[in-house]
Amino acid sequence: MSKKSPIIGILALQGDYQKHTQILDKINVSSVEVHRAEDFERIDRLIIPGGESTVMLKLMKRLGLEDAFTEFIKNKPVWGTCAGMVLLASQVNNHSQQTYDAIDIVVDRNGYGRQYFSSVEPSLFEMNGFCEKINLVFIRAPRVINVGKGVRTLISWNNDPVFLSQNNILVSSFHPELTGSSFLHDYFAHNFQSDAYK
Amino acid sequence: MSENKDLMTVKIGLAEMLRNGVIMDVTNAEQAKIAEDAGAVAVMALERVPSDIRAEGGVARMADPMIIEKIQKTVSIPVMAKVRIGHFAEAQLLEAMKVDFIDESEVLTPADYENHVDKFKFKIPFVCGCRNLSEALRRIGEGAAMIRTKGEAGTGDVSEAVRHLRLINRQMKELTVLSKDEIFVRAKELAAPLHLVQYIAEHGKLPVPNFAAGGIATPADASLCMQLGAESVFVGSGIFKSENPQLMAKAIVISVARFDDPKALVEVSRHLGAGMKGRSVASIDESDLLHTR
């Protein structure tokens, strides 16, 4: 109990945000759904869930969350999963679409194809001597096609980086909330950028 | 076995991604673009919207592949399409076209009055309509990755969708208070797979997302369904049969994200123009009802 748990916000505009809440509940990490700009004041870290990035972009503007969001992602720990990765990337290559340029990667939306090509792929996550089996759930997943110098690749699959970080930003093209494993959520809540909270 | 499990994970997974998003019926690429720009989470490609099927009659079938392909080229969001109940060959065509989701729909003229499609055979996820828990669990038992209420499509009258939502929720609640040995008989009464009935008894909810559909025509209708426990909504004729489809589509997207905020709903409901004219379910002959299919 020496580790102080941060409060995790989950962007709740559209998508499977409840799935992230369920996993955080399982590992006793407090979370709140972020529906409004003022919700950002109550949280230490943010997860952007899977869903449709185009819908989240529109709702962010129409519901007035954009300024608070842009401010938050500047220096607080943020994890973008799937659609969340698309929002945080520096550029979307295959569609003309705004991004928030928080991590130096270029992505193709639905880079592996339509739903027919969605799949679950076994993989390993190695960090500080720990090794955990992770099932990578790809659903109409974005594909990282270019990685900047300051970006660290944490998991690759088939030579594609699928789990990456740069400073306060963590992104995954797969869905850790759909495997039933809480390992990566635990990592994000307690280990990722933990220096920032010492 | 593990391969089947993985396949269900990605099928239900896509359904989860669509939660809290609005799925809109479209009949051509222009409408699909309007829907995407308004913030639709997916579009449903079909040849005629339900209210036209109702008005014009005739046999309603899967849409022309040309229409579906044009829509696929126009938008980047998931594209769904409908097949007739039991018409697994139409479903095979849609899978060959790499449609993202298949709706085995009572809105089209049924192809098989006894059997539904074996949905486990497909890599593409299916959504099916239901009026009660019994239908919902049978469809999930056949491999559906998402359930929606049937409502009464093409009417603009939300009453059947409300009836179906309330009934399913009540039937699920009832299961959660039964003792274990009472579940067996209840499964028999529901004519539903035992393991799914046991799942509901334990969790109090369906193992797949549950959306509302059939007669949703205004932002307030969408809010009503969300407050009754729907995890999102399909809007059929309600958008492109309204006076101003762009505004109506945008308003319904906001109303799903802000379903519990009446002030936000007032904002988006102003200056919307007329909703679809519609007709009440009570005025329709029983033989013309779609939800009984």
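Reminder, nothing fancy here: chain letters follow the sequence lines and each chain counts from 1. As the structure is a computational prediction, the values presented were derived from the model and not from experiment.
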Is there a side-chain contact between A/Arg114 and B/Gln72 (heavy atoms, below 4.5 Å)?
-> yes
Heavy-atom side-chain proximity of B/Asp261 to A/Arg36 below 4.5 angstrom = yes
Interatomic spacing from CZ in A/Arg109 to CD1 in B/Ile77 - rounded to 0.5 Å = 8.5 Å
Output the option from B/Leu7, B/Thr9, B/Val256 having the highest count of non-hydrogen pairs under 4.5 Å with chain A.
-> B/Thr9
CE on B/Met17 to SG on A/Cys82, rounded to 0.5 Å = 6.5 Å
Please flag which part of B/Ala38 lies under 4.5 Å from any non-hydrogen atom of chain A: side chain, backbone, both or neither.
-> backbone
So which part of A/Phe138 gets closer than 4.5 Å to some heavy atom of chain B, the side chain, the backbone, both or neither?
-> backbone
Beyond-backbone contact of A/Glu52 with B/Pro78, side-chain heavy atoms, under 4.5 angstrom | yes
Trace of the side-chain contact (heavy atoms from CB on, under 4.5 Å) decision for B/Lys98 with A/Phe117 = CA-CA 9 Å; B/Lys98 309 281 187 287; A/Phe117 301 99; 3.7 Å; yes
Evaluate the side-chain proximity of A/Gln14 to B/Val41: yes if any heavy-atom separation is below 4.5 Å, no if none is.
-> yes
Sort B/Ala40 into side chain, backbone, both or neither according to what part of it lies under 4.5 angstrom from a heavy atom of chain A.
-> backbone
Report the distance from atom CZ of A/Arg140 to atom CG of B/Leu14, rounding to the nearest 0.5 Å.
-> 7.0 Å
Most heavy-atom pairs under 4.5 Å with chain B, out of A/Gly50, A/Gly15, A/Ala12, A/Ser53, belong to A/Gly15
Can you find a pair of side-chain heavy atoms, one from A/Tyr17 and one from B/Asn20, that are under 4.5 Å apart?
-> yes
With only heavy atoms counted, which part of A/Thr179 is less than 4.5 Å from chain B, the side chain, the backbone, both or neither?
-> neither
Contacting moiety of A/Gln18, where chain B heavy atoms sit under 4.5 Å | side chain
Hey, are the side chains of B/Arg258 and A/His35 touching, using non-hydrogen atoms and a 4.5 Å cut-off?
-> yes
Measure distances from B/Leu18 to the heavy atoms of chain A and classify the residue's part below 4.5 Å as side chain, backbone, both or neither.
-> backbone
Indicate yes or no: at least one non-hydrogen side-chain atom of B/Val22 is less than 4.5 angstrom from one of A/Val55.
-> no
Interface moiety of A/Thr54 toward chain B, non-hydrogen atoms closer than 4.5 Å | side chain
Tell me, side chain or backbone of A/Leu57 under 4.5 Å from chain B's heavy atoms, or both, or neither?
-> neither
Taking atom CG of A/Asp67 as the centre, does the number of heavy atoms from other residues, nucleotides or ligands within less than 6.0 Å exceed 12?
-> no
Considering only heavy atoms from C-beta outward, does the side chain of A/Gln115 approach that of B/Pro125 to under 4.5 Å?
-> yes
Segment of A/Leu178 engaging chain B (4.5 angstrom heavy-atom cut-off) | both
Most contacts with chain A, counted as non-hydrogen pairs under 4.5 angstrom, among B/Glu95, B/Lys11, B/Arg19 | B/Arg19
